[in-house]
Amino acid sequence: MAAALGLGLDRGAAAAFRGAGIDVVVESARFFGWRLAHPAVAWIPDLQHRSLPQLFPTTARWRRELGFRMQIASGRTIMLSSESALRDFKAYYPGARNKVCVVRFATQPPAAFLNTDPSDVIAEYNLPANYFYLPNQFYRHKNHQLVVDALTILKGRAIDVVICASGSKEDRREPGYYDLVNSEIQKRGLEAQFRHLGVIPLPHVYALLRASTALINPSRFEGWSTTVEEAKSFGVPVILSDIDVHREQTSGAARYFGVDDPVALADHLMQISEMNSPPTVRNIVPHQDDNVRAFARSFSDAIRQTAVS
């Protein structure tokens, strides 16, 4: 990074690109310098540091901002993951004249990861047959506290709902966040309702997702949610925070709740629980190959346009 900023070129990377006959470089959380001879696409996953600056230490926020501004100033093609991110980009960088491409990714779970029997995984983690799945890292913007508040409301209604959560406890921006949420779970007596499994093997993630009653994503901000995309690939019902990108990602075909509205989330959980639907293990939806092909085409188009510009 120092060489790319100070000298205008990461010479080691540039030499590697030349030696490998690279046509186009994709920069992901990396800047190779404004003197890079190769056409380059800069992937900006989201602009959370601008939308929720309070969640970033000052140094981290400005490091991220500086990197994006250097990529913009260097004339990179900018690749974004959603129309929502495009609106943010235009709002925060109104003077940018870069070519911008929106490439919405789609997931294709490897077949080897789907050989694990969900019933074995459910038994291993001592989960009930019906549970809601929340596979988000414990970052503050992922909004786990709202789920705890919704469970508190349901407990007051004498409705027993189990949320199975997985993901890392660690957030370098706020190391104590998991402990804060966990202390609330214990204080409210919700240990049986909110089950955090920690970091688990990816085949277990897919198994729990496929057998879940529904996926929950209460996040305050997303670029393009991987967990939602994975749920879509199996046709798993989704209950999502009502943010623009979730509406875009699901075309309105989900249950939504406000990011500060635990009552709405509690109502959704209660209504689905009362349907008494039998547990179901889902497989990849028939049209998922089409979704992945559409993603591949849009990504390839962005690369080709950059190569000839």
Side-chain angles (χ1 to χ4, degrees), residues 48 51-52 54-55 121-122 124-171 173-200 204-205 208-209 211-222 225 227-228 231 236-243 245-247 250 254-277 279:
Q48 183 189 147
S51 297
L52 298 174
Q54 69 275 17
L55 300 185
V121 178
I122 290 169
E124 179 175 340
Y125 296 118
N126 194 29
L127 293 170
N130 291 297
Y131 60 90
F132 295 89
Y133 192 29
L134 173 55
N136 284 0
Q137 313 282 35
F138 267 83
Y139 302 155
R140 183 174 288 275
H141 78 277
K142 294 296 186 180
N143 210 15
H144 290 79
Q145 183 60 53
L146 186 82
V147 178
V148 176
D149 292 340
L151 287 174
T152 303
I153 292 168
L154 291 175
K155 185 177 181 179
R157 298 176 184 174
I159 296 172
D160 188 24
V161 165
V162 171
I163 306 291
C164 167
S166 65
S168 174
K169 303 176 183 179
E170 306 301 324
D171 183 356
R173 296 175 298 182
E174 191 175 357
Y177 176 66
Y178 171 81
D179 292 333
L180 287 174
V181 176
N182 194 48
S183 67
E184 285 298 313
I185 292 169
Q186 294 176 358
K187 186 188 305 180
R188 303 180 192 190
L190 296 172
E191 295 93 335
Q193 288 73 37
F194 193 104
R195 316 272 190 91
H196 181 234
L197 309 181
V199 177
I200 63 177
H204 288 195
V205 171
L208 292 175
L209 176 61
S212 65
T213 301
L215 173 112
I216 304 172
N217 189 340
S219 184
R220 293 180 177 275
F221 193 93
E222 294 284 345
S225 171
T227 62
V228 172
V236 175
V238 287
I239 309 171
L240 308 175
S241 55
D242 196 359
I243 56 178
V245 71
H246 278 164
R247 292 271 183 178
T250 56
R255 288 174 178 257
Y256 305 97
F257 56 91
V259 294
D260 294 307
D261 191 351
V263 174
L265 174 55
D267 289 343
H268 287 313
L269 295 173
M270 181 181 70
Q271 290 162 10
I272 293 176
S273 297
E274 289 176 344
M275 291 178 182
N276 295 318
S277 300

Enquirer: Take Ser273 and Asn130, measure what side-chain contact (heavy atoms from CB on, under 4.5 Å) needs, and give me the verdict at the end.
Expert: CA-CA 8 Å; Ser273 297; Asn130 291 297; over 6 Å; no
Enquirer: Val148 versus Arg188: any side-chain heavy-atom pair under 4.5 Å?
Expert: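 Counting from C-beta outward, Val148 and Arg188 do come under 4.5 Å.
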Enquirer: Identify every side-chain donor-acceptor pair in residues 257-272 under 3.5 Å, counting partners at least two apart or on other chains, and give the distances.
Expert:
residue: Asp260; atom: OD1; partner: Arg220; partner atom: NH1; Å: 3.3
residue: Asp260; atom: OD1; partner: Arg220; partner atom: NH2; Å: 2.5
residue: Asp261; atom: OD1; partner: Val263; partner atom: N; Å: 3.4
residue: Asp261; atom: OD1; partner: Ala264; partner atom: N; Å: 3.1
residue: Asp267; atom: OD1; partner: Arg157; partner atom: NH1; Å: 2.9
residue: Asp267; atom: OD1; partner: Arg157; partner atom: NH2; Å: 2.9
residue: His268; atom: ND1; partner: Arg255; partner atom: NH1; Å: 3.3
residue: His268; atom: NE2; partner: Tyr256; partner atom: O; Å: 2.7
residue: Gln271; atom: OE1; partner: Arg255; partner atom: NH1; Å: 2.8

Enquirer: How close do Ser212 and Tyr133 get, counting heavy atoms only, and between which atoms?
Expert: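 What the structure gives for the nearest pair is CB-CB, 3.8 Å.
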Enquirer: Could you grab the distance from atom CZ of Arg173 to atom CD of Gln54, nearest 0.5 Å is fine?
Expert: 10.5 Å
Enquirer: Please enumerate all residues that pass side-chain hydrogen bond (donor to acceptor under 3.5 Å, both in side chains) together with Gln145, with sequence neighbours excluded.
Expert: Asp149
Enquirer: Sequence neighbours left out, what passes side-chain hydrogen bond (donor to acceptor under 3.5 Å, both in side chains) with Ser51? Give chain and number order.
Expert: Tyr92
Enquirer: Please confirm whether the backbone N or O of Asn126 pairs with a side-chain atom of Arg195, one donor and one acceptor, at under 3.5 Å?
Expert: yes
Enquirer: Distance alone, cut at 3.5 Å: any donor-acceptor contact between the side chains of His246 and Ser225?
Expert: no
Enquirer: Can you tell me how far apart CG (Leu134) and OG (Ser166) are? Round to the nearest 0.5 Å.
Expert: 7.5 Å
Enquirer: Of the options Leu190, Ile185, Val162, Asp160, which is the one that meets Leu151 in a side-chain contact (heavy atoms from CB on, under 4.5 Å)?
Expert: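 When side-chain contact (heavy atoms from CB on, under 4.5 Å) is applied between Leu151 and each of Leu190, Ile185, Val162, Asp160, only Leu190 qualifies.
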Enquirer: Say you draw a straight line from CG of Leu215 to CZ of Phe132; how long is it, rounded to the nearest 0.5 Å?
Expert: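 Those atoms lie 11.0 Å apart.
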Enquirer: Where the side chain of His144 meets the backbone of Pro218, is there a donor-acceptor pair that is under 3.5 Å apart?
Expert: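 No: the side chain of His144 does not pair with the backbone of Pro218.
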Enquirer: Rounded at 0.5 Å granularity, tell me how far CZ in Arg247 sits from CG in Leu240.
Expert: 9.5 Å
Enquirer: Are any side-chain N or O atoms of Thr213 and backbone N or O atoms of Tyr131, one a donor and one an acceptor, separated by less than 3.5 Å?
Expert: yes
Enquirer: Any chance the side chains of Ser168 and Tyr178 put a donor and an acceptor closer than 3.5 Å?
Expert: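 Side-chain D/A pair, Ser168 to Tyr178: absent.
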Enquirer: Flag the pair Asn217 / Val238 as yes when at least one side-chain heavy-atom distance between them is below 4.5 Å, and no otherwise.
Expert: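 No; the side chains remain at least 4.5 Å from each other.
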Enquirer: Is a donor on one side and an acceptor on the other found under 3.5 Å between the side chain of Lys155 and the backbone of Gln193?
Expert: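 No: the side chain of Lys155 does not pair with the backbone of Gln193.
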Enquirer: Supply the atom-to-atom distance Arg140 CZ to Leu52 CG, rounded to the nearest 0.5 angstrom.
Expert: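 Atom-to-atom, Arg140:CZ and Leu52:CG are 11.5 Å apart.
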Enquirer: side-chain contact (heavy atoms from CB on, under 4.5 Å) between Leu208 and Leu127: does it pass, once the steps are laid out?
Expert: CA-CA 10 Å; Leu208 292 175; Leu127 293 170; 3.7 Å; yes
Enquirer: Taking the six-membered ring for Trp, are Tyr177 and Phe138 parallel (under 30°), tilted (30 to 60°) or perpendicular (over 60°)?
Expert: tilted
Enquirer: Could you tell me whether the side chain of Glu222 reaches within less than 4.5 Å of the side chain of Lys142, counting heavy atoms only?
Expert: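 In contact.
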Enquirer: Passes side-chain contact (heavy atoms from CB on, under 4.5 Å), Thr152 versus Lys187? Steps please.
Expert: CA-CA 11 Å; Thr152 303; Lys187 186 188 305 180; over 6 Å; no
Enquirer: Can you tell me how far OG of Ser219 sits from CD1 of Ile243, rounded to the nearest 0.5 angstrom?
Expert: 5.0 Å
Enquirer: Would you sort out whether Val245 and Phe221 count as a side-chain contact (heavy atoms from CB on, under 4.5 Å), showing the intermediate values?
Expert: CA-CA 8 Å; Val245 71; Phe221 193 93; over 6 Å; no
Enquirer: Identify the heavy atoms of Ile216 and Pro135 that sit nearest to each other, and give their distance.
Expert: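 Closest pair (atom of Ile216, atom of Pro135, distance): O-CD, 4.3 Å.
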